[in-house]
Amino acid sequence: QVQLVESGGGLVQAGGSLRLSCAGSGRTFSTYAMGWFRQALGKEREFVAAISWRGRSTYYADYVKGRFNISRDSAKNTVYLQMNSLKPDDTVIYYCNADYMGPSTIVAGRGTYWGQGTQVTVSS
């Protein structure tokens, strides 16, 4: 029912910025909480940020607070992750996530729907 497609990844220098986008489709997509996870080679999948279906509540991992911002545009069925002050440690694949149970499910890594991922590479 729900399809998620990420875009916006790429190569950036340390200290630079990127904005990731996740476009969704589905009959009730606009009512789903959404979020972002990331995973580096050989590492566990890691929570990044989440946003409630109305966009009124946001959640961030400690390591991205003050650097990343999550937002959504319900009219476009799209969630964004604005990434600023990027570091080499941010060089991972970022995955879009969505769930009808709310943002707590996203934060816990139990979102029902996942995108295919987009690669972010930050040069030192």
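These numbers come from a predicted model, not from an experiment.
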**OP:** Verify the ring-centre separation between Phe37 and Trp114: is it less than 6.0 angstrom?
**Re:** yes
Under 3.5 Å, side-chain donor or acceptor atoms of residues 116-124 against the rest of the protein: list the pairs with distances, not counting sequence neighbours.
from: Thr118; atom 1: OG1; to: Gly9; atom 2: N; distance (Å): 3.2
from: Gln119; atom 1: NE2; to: Val92; atom 2: O; distance (Å): 3.3

Subject >> For Leu81 against Ala49, the heavy-atom pair lying closest together >> reply: CD1-CB, 4.2 Å
Original post:
Can you list the residues that meet the side-chain contact (heavy atoms from CB on, under 4.5 Å) rule with Tyr80, with sequence neighbours excluded?
Top reply: Arg19, Ser21, Ser71, Asp73, Lys76, Thr78
Subject >> Results of side-chain contact (heavy atoms from CB on, under 4.5 Å) for Gln39 - residues two or more places apart only >> reply: Arg45, Tyr95
Subject >> Heavy-atom closest contact (Gly102 atom, Ala33 atom, distance) >> reply: C-CB, 3.4 Å
Original post:
Looking at Trp53 and Arg72, what are the two nearest heavy atoms and their distance?
Top reply: CA-NH1, 3.1 Å
Contacts under 3.5 angstrom, residues 56-66 side chains, donor-acceptor by atom type, not counting sequence neighbours:
from: Tyr60; atom 1: OH; to: Asn69; atom 2: ND2; distance (Å): 3.2
from: Tyr60; atom 1: OH; to: Ile70; atom 2: N; distance (Å): 2.9
from: Asp62; atom 1: OD1; to: Lys65; atom 2: NZ; distance (Å): 3.2
from: Tyr63; atom 1: OH; to: Arg38; atom 2: NE; distance (Å): 3.3
from: Tyr63; atom 1: OH; to: Glu46; atom 2: OE1; distance (Å): 3.2
from: Tyr63; atom 1: OH; to: Phe47; atom 2: O; distance (Å): 2.9

Original post:
Can you name the side-chain contact (heavy atoms from CB on, under 4.5 Å) partners of Asp89, sequence neighbours left out?
Top reply: none
**OP:** Please list all pairs passing the disulfide (SG to SG under 2.5 Å) test where one or both residues lie in residues 74-124, with sequence neighbours left out.
**Re:** Cys22-Cys96
**OP:** Taking all non-hydrogen atoms of both residues into account, name the closest pair between Tyr100 and Thr112 and its distance.
**Re:** CE2-OG1, 3.8 Å
Original post:
Taking only residues two or more places apart in sequence or in another chain, which ones pass salt bridge (charged side-chain N to carboxylate O under 4.0 Å, His left out) with Arg54?
Top reply: none
Original post:
Residues two or more places apart in sequence or in another chain: which of them pass side-chain contact (heavy atoms from CB on, under 4.5 Å) with Thr105?
Top reply: Asp99, Met101, Arg110
Subject >> Counterpart residues, side chain to side chain donor-acceptor pair (under 3.5 Å), relative to Ser17 (two or more places apart) >> reply: Asn84
